[in-house]
Peer 1: 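Just passing along the structure, written as structure tokens.
In what follows, every heavy atom counts, from backbone to side chain, and hydrogens, waters and symmetry copies are set aside.
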Amino acid sequence: MLLLLSLLVPQMALAQNGSRLSEFLAAVQPADIVPGADRFGPPAGTPPTAPVFAGDRLLGHAFVNADWVNATGYSGRPIEVLVGLSVDGRITGARLMDHHEPIVLIGIPPERITEYIQAHVGANVLEIAQAGPRSRPQVDIVSGATVTVMVIGDSIIRSGIAVARAQDLFAAGGGTEAAAAPEAERVLDDPGTETRSWEELVGDGSVRRLFLTVGDVNQAFERAGNPQAAARPESRVPEDTFIDLYVGLASVPTIGRSLLGDVAYERLQSRLEPGQQAILIAANGAYSFKGSGYVRGGIFDRFEVLQGDASIRFRDRTHTRLADVMAEGAPGFRDVDLFIVPEGATLDPVAPWQLQLLVQRATSGRDKAFLTFDLGYELPATYTKVVEPPAAPLAQPVPAAPAPEAVSQGVSAPVPGEALAPEETPLWVTIWQSKVVDIAILTVAILILTAIFFFQDWLVKRPVLYDRIRIGFLLFTLVWIGWIAQAQLSVVNVLTFFNSLRTDFRWEYFLMAPLIFILWAATAASLLFWNRGAFCGWLCPFGALQELVNRVGRVLRVPQLKIPFGVHQRMTVIKYIIFLGLFGLSFSALAAAEQAAEVEPFKTAIVLRFMREWQFVAYAVLLLVASLFVERFFCRYLCPLGAALAIPARLRMFDWLRRYRECGNPCQRCANECPVQAIHPEGHINPNECIQCLHCQMLYHHDRKCPVMIQKRLKREKRAIGASEKPVLPPRPATVVRAVSKGAI
């Protein structure tokens, strides 16, 4: 371990430089990013850019998109693209350098992602910044990776605009981004003291409508040159409603109170931060605006909000499903949903914006075609007022000279007109702030589990209470930690962590997923106390699913297979071989190791909730069927994450599980009943296999099952009989042990 740390520490020290721009530049040729270039200049600035030259002539700039804008995808990790920008503001090249998107790693050919990225080459970010989102390049979206490619395309354009501003390309190219004289400002002015009917809200534009028939969408696909998609409509009747969608800015008091009702509106206001907005979307029709991404990973992939050069996407944590629209005269809707603009994104309520609906339609097999339809929204003038700018001062005051002691300490005088830019809140901080409730729930659960372990002797003496608490905790782990919060740990986390130690270690990577980070911290701490059992036995959603399935099987009298201990002991080696294979592969090809980590069914059964290709679902179901007959079959023999956690099990500082000297010689009760066969016939517990279920501790204190406790109970009963009656001698200890081991007592 000391040797390993000695090799890793220098790498960690080198990795603290933040951006990976220099590393990426070394992996490409200058002409790949800016055609005609022959060398890169040294990166400079914060965030950094690297000048790109042909000889001594500056052709453009190279940068990493994630250094400039939020490029976080499904994985919670940045999708890093190396981008080239010419001096006239055109995207000259883009190459995907690093990502950890689970959707892309499996089933999506890399060529499809590359084609999508290359379709942005040639776009002029100066024109896009001036003309708005409608002028962005129209690129076919990759089926199965909708959100991922939308993040990539959006981050390429927005980072290009940010770099163009930083390099002053707007001024050089004659753009209109130069500072203009202050103009009158339009601000929100709505007391919210009244409510309005549905007819009034729609009539003045407080609520905007997008209505499409099946025929409208078919014609749009035909005009786009895709007759295959037009031939597969949602309905064969062209006049049928494809979607009838309404949008309103619910954070505006009058609109929100009218649409939500007083109670729901006040509840919304209590959730909103100052300046944060909320949008209500209601729809009928054959097509749902929520889309498959919501089911798959908590991301709504069929619509986004565009304002200026920024785009806003929504996740389930900022979403609330409503029963109905409360405005008087409102029709009934199939879907009524409230979306809060996520922290880190900004929506100006008085500036125009668009809701862009993504319409997708299958063409053949897994291929899909995509179109977008825009619904413009501008807040009616009745909710705003105009504020005139303050008059310009007649003369600029002369800044005071710094005090002599300030000069001696290196403090410079303020520059006229210069304001200190507020320090931008790191993205991971924003994410943690948005998950305060989830963090609190998980923290409380971990504290409860800690109390269970610390007071285990008190709990296991009450077998019924212990069993109910265990079932309840396993249900919480499966449903909330797994299916709702999707905080399933994986061996991929282990591989990524060790790879980052070797290359570019940044805590921000791991802090992007608060619940995963907290679970890993708790698991690492628990290894010193209870080896891997705290996680594997209590906090692993797939482990909980296996145990609950086995309990159902026992109720249904499914026969339980007893694997001979010698065979069992040799089969446990399989998971260590799998882990070492993945670990070794990760050093040369991390992406390949992440794909090979599909030996874990966690993504299929927990993260994607079985919404996946049939072969992955069949594999996960097969493992669950095996767990009907052999409790926690996958945990025992195949789990690489369990193997990774078992390796440092010898480091534990305490031994909490009690044993009698009679355990194993001759009594085999605990060994026979251990759910994962972690107790050797000799009586000792193998910490590498133990999941800390505490079943053996329940037996340890049970005066009807443990021979030692049976002896103590019989002696107590003998003393209670009294001297007046004929004493009943307890059976000999050896007889009790043999009877207990055989299950006769």
Side-chain angles (χ1 to χ4, degrees), residues 74-75 100-108 144-145 292-299 366 474-495 515-516 519 532 535-554 556 558 560-561 563 571-572 574-579 581-582 592-645 675-676 691:
Y74 267 114
S75 63
H100 296 269
E101 295 296 275
I103 302 299
V104 178
L105 287 171
I106 296 293
I108 304 297
S292 59
Y294 170 64
V295 177
R296 185 171 61 240
I299 300 178
R366 293 182 57 191
L474 291 177
L475 287 171
F476 166 81
T477 296
L478 173 62
V479 176
W480 191 87
I481 295 181
W483 287 335
I484 296 177
Q486 296 189 340
Q488 169 74 64
L489 302 189
S490 167
V491 72
V492 173
N493 304 132
V494 178
L495 303 180
L515 302 186
I516 297 292
L519 275 175
R532 72 184 182 105
F535 171 75
C536 295
W538 296 81
L539 293 172
C540 177
F542 189 75
L545 178 58
Q546 289 182 93
E547 184 166 333
L548 292 171
V549 165
N550 183 266
R551 282 179 176 258
V552 172
R554 290 174 184 270
L556 298 177
V558 174
Q560 301 298 299
L561 301 181
I563 298 177
M571 289 179 63
T572 58
I574 298 174
K575 62 176 177 285
Y576 296 96
I577 296 174
I578 294 174
F579 169 69
L582 294 174
E594 290 175 336
Q595 294 181 16
E598 285 290 336
V599 68
E600 293 179 329
F602 303 161
K603 186 190 303 181
T604 300
I606 304 301
V607 178
L608 303 182
R609 305 169 195 151
F610 297 99
M611 302 290 293
R612 208 178 181 192
E613 292 84 353
W614 70 268
Q615 59 268 30
F616 293 102
V617 175
Y619 172 65
V621 171
L622 181 63
L623 292 175
L624 292 176
V625 170
S627 69
L628 279 171
F629 302 93
V630 179
E631 186 170 348
R632 287 181 175 255
F633 177 85
F634 178 78
C635 297
R636 294 194 198 188
Y637 307 123
L638 299 176
C639 182
L641 177 59
L645 297 177
V676 292
I691 61 170

Peer 1: Taking atom CG of Leu474 and atom SG of Cys540, what is their separation to the nearest 0.5 Å?
Peer 2: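 Spacing of CG (Leu474) from SG (Cys540) equals 10.5 Å.
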Peer 1: Can you tell me how far the CZ atom of Phe629 sits from the CG atom of Leu561, to the nearest 0.5 Å?
Peer 2: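 One finds 7.0 Å between CZ of Phe629 and CG of Leu561.
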Peer 1: Keeping Thr477 on the side-chain end and Trp538 on the backbone end, is there a donor-acceptor pair under 3.5 Å?
Peer 2: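 Checking the backbone N and O of Trp538 against the side chain of Thr477, a donor-acceptor pair under 3.5 Å is found.
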Peer 1: Judged by atom type as modelled, is there a donor-acceptor pair below 3.5 Å linking the side chain of Gln546 to the main-chain atoms of Leu628?
Peer 2: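 No, the answer is negative, given that no donor and acceptor are paired below the 3.5 Å cut-off.
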Peer 1: Do you know which two heavy atoms are closest between Arg609 and Trp483, and how far apart they sit?
Peer 2: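 That would be NH2-O, 2.7 Å.
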Peer 1: Can you name the ring pair (Phe, Tyr, Trp, His ring centres under 6.0 Å) partners of Trp480, sequence neighbours left out?
Peer 2: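 Phe476.
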Peer 1: Can you give me the closest heavy-atom contact between Thr604 and Phe616, atom names plus distance?
Peer 2: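 Scanning both residues, the minimum pair turns out to be OG1-CB, 3.5 Å.
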Peer 1: Could you walk me through whether Leu638 and Leu623 satisfy the side-chain contact (heavy atoms from CB on, under 4.5 Å) test, starting with their C-alpha distance in whole Å, then the side-chain angles of each, then the deciding distance to 0.1 Å, before giving a yes or no?
Peer 2: CA-CA 10 Å; Leu638 299 176; Leu623 292 175; 3.9 Å; yes
Peer 1: Taking atom CD of Gln488 and atom CG of Leu519, what is their separation to the nearest 0.5 Å?
Peer 2: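 The CD atom of Gln488 sits 9.0 Å away from the CG atom of Leu519.
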Peer 1: Please examine the side chains of Phe535 and Leu645, heavy atoms only from C-beta on, and report whether any two atoms are closer than 4.5 Å.
Peer 2: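 Sidechains of Phe535 and Leu645: in contact.
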Peer 1: Working to the nearest 0.5 Å, report the span between OG1 of Thr572 and CD1 of Ile577.
Peer 2: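 Result: 10.0 Å between the selected atoms.
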Peer 1: Would you check if the side chain of Arg632 reaches a backbone N or O of Pro675 as a donor-acceptor pair within less than 3.5 Å?
Peer 2: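 A pair under 3.5 Å: no.
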Peer 1: Any donor-acceptor pair under 3.5 Å linking the side chain of Arg636 with the backbone of Glu631?
Peer 2: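 Yes.
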Peer 1: Closest heavy-atom contact between Ser627 and Val549?
Peer 2: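 Smallest heavy-atom distance, with atoms named: OG-CG1, 3.8 Å.
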Peer 1: Without swapping roles, check the side chain of Glu600 against the backbone of Ser490 for a donor-acceptor pair under 3.5 Å.
Peer 2: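 No, Glu600 side chain to Ser490 backbone: no donor-acceptor pair under 3.5 Å.
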Peer 1: Roughly how far, to the nearest 0.5 Å, is CG of Leu489 from CD1 of Ile606?
Peer 2: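 Between Ile606 CD1 and Leu489 CG, I get 11.5 Å after rounding to 0.5 Å.
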Peer 1: Which heavy atom in Leu515 sits nearest to a heavy atom in Ala485, and how many Å separate them?
Peer 2: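 Result for this residue pair: CD1-CB, 3.5 Å.
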Peer 1: Please name the pair of heavy atoms, one in Leu582 and one in Ala597, separated by the smallest distance, quoted to 0.1 Å.
Peer 2: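 For Leu582 versus Ala597, the nearest heavy atoms are CD2-N, 3.9 Å.
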Peer 1: Look up atom CZ in Phe633 and atom SG in Cys639, then write down how far apart they are to the nearest 0.5 Å.
Peer 2: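 Interatomic distance, Phe633 CZ to Cys639 SG, rounded to 0.5 Å: 12.5 Å.
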Peer 1: Test Ile691 against Cys635 for side-chain contact (heavy atoms from CB on, under 4.5 Å), laying out the working first.
Peer 2: CA-CA 9 Å; Ile691 61 170; Cys635 297; 5.7 Å; no
Peer 1: Would you name the heavy atoms of Pro601 and Ala620 that are closest together and state the gap between them?
Peer 2: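 Scanning both residues, the minimum pair turns out to be CB-CB, 3.9 Å.
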Peer 1: Measure from the side-chain N and O atoms of Glu547 to the backbone N and O of Leu545, and report whether any donor-acceptor pair falls under 3.5 Å.
Peer 2: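 No, the answer is negative, given that no donor and acceptor are paired below the 3.5 Å cut-off.
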Peer 1: Can you name the ring pair (Phe, Tyr, Trp, His ring centres under 6.0 Å) partners of Phe634, sequence neighbours left out?
Peer 2: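 Once residues adjacent in sequence are excluded, the partners of Phe634 under the ring pair (Phe, Tyr, Trp, His ring centres under 6.0 Å) criterion are Phe542, Phe602.
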